[in-house]
Amino acid sequence: MILPTPNDRYDRVTISQTNLAIEQADYLNHKKNQDIEVGDGRVIIKSPNGTRYKIAVDNSGNLSASTV
């Protein structure tokens, strides 16, 4: 995220733009104690040896992992 450079003087428009940018970026963050829904994204985890795996679920709820 790149925020606007602060002015020497208070500027309501710049502050509003900065607040909007922060709010929009914060919306994309996962929150503590809330469900995480990935949607069309992938969940990728890394094993101790460095191999990366994507986790998937089928329509019956069965989980699978395959290398990325």
Side-chain angles (χ1 to χ4, degrees):
M1 168 181 9
I2 300 172
L3 298 174
T5 304
N7 295 331
D8 293 336
R9 298 169 66 177
Y10 178 82
D11 176 16
R12 182 187 275 294
V13 173
T14 302
I15 295 298
S16 294
Q17 291 171 343
T18 301
N19 288 347
L20 179 61
I22 292 169
E23 289 170 4
Q24 289 173 336
D26 182 60
Y27 176 76
L28 299 174
N29 293 330
H30 295 294
K31 305 294 186 231
K32 185 176 179 180
N33 298 322
Q34 290 185 2
D35 293 344
I36 297 173
E37 191 164 325
V38 177
D40 292 334
R42 300 185 298 175
V43 174
I44 298 176
I45 58 175
K46 187 165 51 169
S47 68
N49 71 1
T51 304
R52 297 171 66 227
Y53 295 91
K54 69 177 180 177
I55 305 299
V57 61
D58 66 18
N59 290 331
S60 298
N62 298 309
L63 296 175
S64 63
S66 57
T67 57
V68 177

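Numbering starts at 1 and runs along the sequence shown. These numbers come from a predicted model, not from an experiment.
Note on Leu20 and Val13: separate hydrophobic clusters, where clusters join Ile, Leu, Val, Met, Phe, Trp and Tyr whose side-chain heavy atoms are under 4.5 Å apart, directly or indirectly.
Residues Ile44 make up the rest of the hydrophobic cluster containing Val68, defined by ILVMFWY side-chain heavy atoms closer than 4.5 Å, directly or through other members. Leu28 belongs to a hydrophobic cluster with Tyr27, counting contacts under 4.5 Å between side-chain heavy atoms of Ile, Leu, Val, Met, Phe, Trp and Tyr, direct or through other members.
Listed by chain and residue number, Asn7, Asp11 satisfy the side chain to side chain donor-acceptor pair (under 3.5 Å) test with Thr14 (two or more places apart in sequence, or in another chain). With sequence neighbours excluded, the residues forming a side chain to side chain donor-acceptor pair (under 3.5 Å) with Ser47 are Asn49, listed by chain and number. Applying the side chain to side chain contact (heavy atoms under 4.5 Å, CB included) rule to Tyr10 yields the partners Arg12, Ile15; only residues at least two apart in sequence or on another chain are considered.
A salt bridge (charged side-chain N to carboxylate O under 4.0 Å, His left out) check over residues 34-59, counting only residues at least two apart or in different chains, returns nothing. The list of salt bridge (charged side-chain N to carboxylate O under 4.0 Å, His left out) pairs with a residue in residues 20-31, not counting sequence neighbours, reads Asp26-Lys31.
For the pair Asn62/Val57, no side-chain contact is recorded, criterion being any heavy-atom separation below 4.5 Å from C-beta on.
The CD1 atom of Ile55 sits 7.5 Å away from atom CG of Leu63, with the distance rounded to the nearest 0.5 Å.
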